[in-house]
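What follows is a single structure, written as structure tokens, with notes after it.
Just so you know, residue 1 is the first one in the sequence shown, and it goes up from there.
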Amino acid sequence: MNLKRWMTLFWKTLLAGSIAAIVAGVLLQFGSGIIKFKGPADYLFYVVILFGYGLMVSVYSQLGFFAYMILNYTAIGVFPKKVWQYIQLVLAVLALLEVMFFRSFVGKENSQLSDLVVGISILVVAIVVAYFKAKATNPTAWIPTIFFMTAITIVELVGGLKIGVNNATVFILVPLIVCNAYQILILHKVLNAKKS
């Protein structure tokens, strides 16, 4: 990967995160109507804020993506390939169980249904993204893609889960998962990897 390709990935991910944040923010506003707008300027200002928020989430997503790339590179050097795949699978399952059940059992919060929905949504998106990634590259991409789309996304989402408000979780999760999916699906094109 050269600097030009990385910059292209960076700007396109910023755009994907901003669009996802605008869509999520507008849908949440129409669904809940919490914010009372007084005129067209308020609507425009709201969209600008959503755009900026999407930029911030996409940068956060890119930090997680490059942290995963470093982790993957290091782990491949330490563990045999099969062992690293099993470790990723176990960590993905543990992350999903944590997001779906940990707050309910340890924190005794009444968020079990929303946590289940978040966990199942992340898993479904991860499976869909892994399917397209494996189809575009090779079958060995299944486990790393599922690991990235579940475990890394959940680690990035921890701050949003601590807020404890369902709308805030959705507002953070949508652009985050869009950015993560975009980065993992486009990586082989950025690196000019050939299909096996």
Side-chain angles (χ1 to χ4, degrees), residues 1-32 34-35 43-73 88 91-92 95-96 99 117-119 121-133 136-137 141 144-193:
M1 180 184 299
N2 60 28
L3 188 58
K4 182 180 176 183
R5 289 180 187 162
W6 177 77
M7 288 303 291
T8 302
L9 176 65
F10 177 78
W11 291 113
K12 287 183 177 180
T13 306
L14 284 179
L15 183 61
S18 295
I19 292 169
I22 290 170
V23 170
V26 168
L27 290 177
L28 284 171
Q29 173 59 26
F30 283 129
S32 65
I34 293 173
I35 302 171
Y43 288 103
L44 181 61
F45 189 63
Y46 182 64
V47 170
V48 170
I49 289 172
L50 293 175
F51 184 81
Y53 173 76
L55 292 176
M56 289 189 300
V57 171
S58 67
V59 170
Y60 190 58
S61 168
Q62 291 181 61
L63 288 172
F65 181 68
F66 284 103
Y68 166 71
M69 298 297 287
I70 292 168
L71 171 69
N72 192 47
Y73 181 77
Q88 289 180 88
L91 290 174
L96 283 168
V99 81
V117 170
V118 168
S121 300
I122 290 172
L123 178 61
V124 168
V125 171
I127 290 169
V128 170
V129 170
Y131 169 78
F132 285 110
K133 181 67 175 181
T137 56
T145 304
I146 287 179
F147 171 72
F148 175 71
M149 290 300 298
T150 55
I152 302 300
T153 300
I154 289 167
V155 168
E156 294 169 338
L157 186 63
V158 165
L161 292 172
K162 285 184 179 179
I163 296 171
V165 177
N166 291 339
N167 282 353
T169 302
V170 170
F171 191 51
I172 293 168
L173 180 62
V174 170
L176 190 61
I177 211 159
V178 166
C179 290
N180 284 348
Y182 174 75
Q183 290 175 103
I184 200 75
L185 287 173
I186 203 74
L187 180 64
H188 65 280
K189 292 181 183 177
V190 172
L191 298 176
N192 279 339

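The CZ atom of F51 sits 6.5 Å away from the CG atom of L15 when rounded to the nearest 0.5 Å. Within the model, atoms CD1 of I152 and CD of Q88 stand 9.0 Å from one another, a figure rounded to the nearest 0.5 Å. Between the CD1 atom in I154 and the CG atom in L123 there is a gap of 9.0 Å [rounded to 0.5 Å]. To the nearest 0.5 angstrom, L185 atom CG is 9.5 Å from T137 atom OG1. Atom-to-atom distance recorded for Q183:CD and M149:CE is 9.5 Å, nearest 0.5 angstrom. Distance check: E156 CD to Y68 OH gives 12.5 Å after rounding to the nearest 0.5 Å.
Put simply, the side chain of K133 reaches to within 4.5 Å of the side chain of L187, judged on heavy atoms. V47 places none of its side-chain heavy atoms less than 4.5 Å from the side chain of Y43. Taking the side chain as every heavy atom from C-beta outward, L14 and W11 approach each other to under 4.5 Å. Using a 4.5 Å cut-off on side-chain heavy atoms (C-beta onward), C179 and Y60 make no contact. Using a 4.5 Å heavy-atom cutoff, the side chains of F147 and L71 are in contact. Annotation: side chain of V118 is in contact with side chain of V99 (closest heavy-atom distance under 4.5 Å).
Judged purely by atom type and a 3.5 angstrom limit, Y46 uses its side chain to pair as donor or acceptor with the backbone of G25. When atom types are taken as modelled, the side chain of T8 and the backbone of K4 share a donor-acceptor pair closer than 3.5 angstrom. With hydrogens and angles ignored, the 3.5 Å screen pairs no side-chain donor or acceptor of T145 with any backbone N or O of A130.
Taking all atoms of both residues into account, the shortest heavy-atom contact from V174 to A20 is CG1-O, 4.0 Å. Closest non-hydrogen pair, A21 versus F171, comes out as O-CE1, 3.8 Å. Between P175 and G17, the closest heavy-atom pair is CB-O, 3.7 Å. Here the shortest heavy-atom pairing between T150 and A92 reads OG1-CB, 3.2 Å. Residues V129 and A181 come closest through the heavy atom pair CG2-CB, 3.7 Å. The nearest pair of heavy atoms linking Y53 to I172 is OH-CG1, 2.8 Å.
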Test log, rule side chain to side chain contact (heavy atoms under 4.5 Å, CB included), inputs I184 and F65: CA-CA 8 Å; I184 200 75; F65 181 68; 4.1 Å; yes

Residue pair I122, L173: steps toward the side chain to side chain contact (heavy atoms under 4.5 Å, CB included) verdict: CA-CA 9 Å; I122 290 172; L173 180 62; 4.0 Å; yes

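The side chain to side chain contact (heavy atoms under 4.5 Å, CB included) test with L50 singles out one residue from V26, V23, L55, L28, and that residue is V26.
No more than 12 heavy atoms of other residues, nucleotides or ligands shown are found within 6.0 angstrom of OH on Y131.
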